[in-house]
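Working notes, structure below.
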Amino acid sequence: MSRFYITTPIYYVNDAPHIGHAYPTVTADAIARWHRLLGDETMFVTGTDEHGLKIQRAAEANGITPLEQADRTSQRFRDAWTLLDISNDQFIRTTEQRHHRSVQELLTRAKDNGYIEKGSYAGHYCVACEAYYNDDDLIDGSDCPIHERPVEWLEEENYFFKLTALESELLDWLNGPHVFPEGKRNEALGIVKLGLEDVSMTRTSIDWGVPVPWDDDHVFYVWYDALINYATAVGFGTDEDEFNQWWPEVHHIIGKDILRFHCVYWPAMLIAAGLEPPKEVHVSGFLLLGGKKLSKTGLTQIAPADLVEDFGVDGYRYHFLRDVSFGPDSEFSYEQMVARYNSDLANTLGNLLSRVTTVVQKKCDGIGPAPDVDSALGKVAADSYAAAAEAWDRFQAPVAMEATWQLIREANAYLERHEPWKMEQGSPEVQRVMGDALEVLRWAAIMAGPALTRASEAIWAAIGLDGSPTDERLPEAAAWGRYPGGLTVTKSAPLFPRLKAE
RNA sequence: GGCGACGUAGCUCAGUUGGUAAGAGUGCUCGACUCAUAAUCGAGAGGUCGUGGGUUCGAGUCCCACCGUCGCUACCA
């Protein structure tokens, strides 16, 4: 039995979930569902990142504890993922005890291996921001760029992560097949080649974080705690055997803004602790609105719930999986979403189900016949499957979706060529044609399942099959001719009612 | 300033290590069909692959310059 471990970033709880958070989550979910279909023992982890200055301050502003603050927002993420049928096996929170143990264990090992040392950090500090600034960032060389008032020169003792000692190990890792797409790998290489510096990894100025086990005055800086969630989730620090079963075969999905942390710091931290760096990091671009990235301040956030209201869960998931190329930035367009819903879901797939169930009622007494094992559609199905499987392997959901729809479109053309509605009721000819059409629907319910979590079940039931398409196992289930025939086919309301453009 | 990404049909995008006369979906035009959610099927129009050079027998695909858009340069996917 092979295993498949996939993660999303854990989202920082200073922000409400929006489509920018949902995109990598839906992508990871679809890939996880694909691997479950393949029969892999699958671990899909998402969660929330809950420490750090911003949370502490937000809590103070709201007059609650940092944990209460984190609880509130973390719950909103869980609600959003429930809404979108996200099938995560775990939802990890960095405030969990198991995570604190894991962080302390991993970083203690790094320290014991000589990669963490005490040093002092000095710089221009803005008290209002509670943050350090570089000379370049200051206005006229002396004022905070946000508060426009003088900064102070502050020096504090910190523990430093000796990133510089790991340069050659990082280059070795980055030269391997670990960061995708290629352009993003080059970007990570560029960061290393530009010159690494040792980085301050603890804070004494706040206490909302994971305590440094060897020095009570410090907590780990939020990034050094957050990244380790990927290890915590599969047992690091609590169950080494479990951990060793999953690690290092992990697939991280991240956004390009956190490339530095996942492609430089994270592998370095693991190496420092004597562990293997991650197997794959897949970097996505941003969703843009009017050419700008989504932001709270720009009022360009879009809540998944608003779109689900218009398009349904399937319509939501399908749009982002089919239209957003994984890697480059992508412009979000409501009109594009409507067009995609109508063409692929309402017209091509939904209408296929409608016409097939109607003709089966009229010409086959509502009993679905078995397909022709030598049907011309069998070859198309095999090609579609091969292309889709290859695309899922590369994390290219849009390509996998397009490959899947090739057969669905072909089924419409096949009906057109044979015109079963003109055939004699119950004849062998009409039985064969309709059996083939039903077989395509069976196949599509499985293959589109990672995207259309609900419609795939509805199709499955409509053509008379028991159980769920998620119980099927690939590649056998994609082989042509598995629809048994003799099942009751049900005509029902349109699966995806057409949407009017607004 | 430094580093980097991107620029392919109206729109959204594919184009593996350079090599059959540039692809898909959608949109548009025309035709067919009427089982079906005014859905479906067929045919067609539509691109100097940002611009200009270079390497090569041959470049969308490598190199240089330029133009345009954008990002990063430590804590929002």
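Letters go in sequence order (proteins before strands), and every chain restarts at 1.
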Selected nucleotide, minimal atom distance to [X] side chain, candidates [options]:
X      : options             : result
A:K54  : B:U73, B:C76, B:G25 : B:C76
A:K491 : B:A74, B:C41, B:U37 : B:U37
A:W421 : B:U34, B:U37, B:U40 : B:U34
A:K422 : B:A74, B:C33, B:C35 : B:C33
A:S343 : B:A36, B:U26, B:U40 : B:U26
A:K256 : B:G25, B:C76, B:G71 : B:G71
A:Y224 : B:A74, B:U26, B:C35 : B:A74
A:D344 : B:A74, B:C35, B:G25 : B:G25
A:K362 : B:A24, B:A36, B:A74 : B:A36

query: In terms of the nearest nucleotide of RNA chain B, which residue is placed more toward the 5' end: A:Y12 or A:F496?
result: A:F496
- prompt: When you match A:P494 and A:P9 each to their closest nucleotide on RNA chain B, which lands nearer the 5' end?
  reply: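 Its nucleotide being nearer the 5' end, the pick is A:P494.
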Take the angle between the ring planes of [X] and [Y] and call it parallel below 30°, perpendicular above 60°, tilted in between.
X      : Y      : answer
A:H218 : A:Y159 : perpendicular
A:Y23  : A:F326 : tilted
A:Y414 : A:H418 : tilted
A:Y318 : A:W405 : tilted
A:Y11  : A:F77  : parallel

field: RNA chain B stem ranges, 3 or more consecutive Watson-Crick or G-U pairs under 3.5 angstrom
entry: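 Stems for RNA chain B, defined as runs of 3 or more consecutive pairs: B:1-7 with B:67-73, B:10-13 with B:23-26, B:28-32 with B:40-44, B:50-54 with B:62-66.
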query: OP1 or OP2 of B:C41 less than 4.0 angstrom from a side-chain nitrogen or oxygen of A:R417, does that happen here?
result: no
Residue-phosphate contact under 4.0 Å: A:N347 side-chain N/O, B:U40 OP1/OP2: yes
[atom1] gap between [N] and [M], integer Å:
N     : M     : atom1 : result
B:G52 : B:A59 : C1'   : 15 Å
B:C6  : B:G10 : P     : 22 Å
B:G15 : B:U20 : C1'   : 15 Å
B:G23 : B:A43 : P     : 15 Å
B:C28 : B:G4  : C1'   : 38 Å
B:G27 : B:C72 : P     : 35 Å
B:C66 : B:A5  : P     : 15 Å
B:U61 : B:U17 : C1'   : 10 Å

- prompt: Which part of the nucleic acid does A:I253 contact within heavy-atom distance under 4.0 Å: base, sugar-phosphate only, or nothing?
  reply: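 No contact at all - A:I253 keeps every heavy atom at 4.0 Å or more from the nucleic acid.
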- prompt: Hey, does A:A413 reach any base, or is it just sugar-phosphate, or nothing, if we go heavy atoms under 4.0 Å?
  reply: sugar-phosphate
Evaluate the side-chain proximity of [Y] to [X]: yes if any heavy-atom separation is below 4.5 Å, no if none is.
X      : Y      : result
A:N412 : A:R355 : yes
A:I463 : A:L487 : no
A:L345 : A:H319 : no

Could you check how far [atom1] of [X] sits from [atom2] of [N], rounded to whole Å?
X      : N     : atom1 : atom2 : answer
A:N342 : B:U37 : CG    : P     : 15 Å
A:N412 : B:G25 : CG    : P     : 13 Å
A:I191 : B:G71 : CD1   : P     : 17 Å
A:W223 : B:C76 : CH2   : C1'   : 10 Å
A:L227 : B:A74 : CG    : P     : 17 Å
A:M337 : B:U26 : CE    : C1'   : 16 Å
A:R355 : B:A38 : CZ    : P     : 12 Å
A:R409 : B:C41 : CZ    : P     : 9 Å

message: Can you list everything that forms a side chain to side chain contact (heavy atoms under 4.5 Å, CB included) with A:D71? Sequence neighbours excluded, please.
response: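 Side chain to side chain contact (heavy atoms under 4.5 Å, CB included) check on A:D71 returns A:L67, A:R93.
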query: To the nearest 0.5 Å, how far apart are NZ in A:K491 and OG1 in A:T358?
result: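 Output value for this atom pair is 3.0 Å.
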Within 45° cone and under 6.0 Å: A:R78 NZ/CZ vs A:F91 ring: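 Yes; both conditions hold, so A:R78 lies above the ring face of A:F91.
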- prompt: Can you give one letter per nucleotide of nucleotides 4-18 of chain B, 5' to 3': B if a protein heavy atom sits under 4.0 Å from the base, S if only from the sugar-phosphate, - if neither?
  reply: S-------SSS----
message: Does A:E429 form a salt bridge (Lys or Arg N to Asp or Glu O under 4.0 Å) with A:K422? I'd like the steps, not just the answer.
response: CA-CA 11 Å; A:E429 293 75 30; A:K422 289 182 178 174; over 6 Å; no
query: So, does the side chain of A:N351 form a donor-acceptor pair with the base of B:A36 at under 3.5 Å?
result: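 Per atom types, the contact qualifies.
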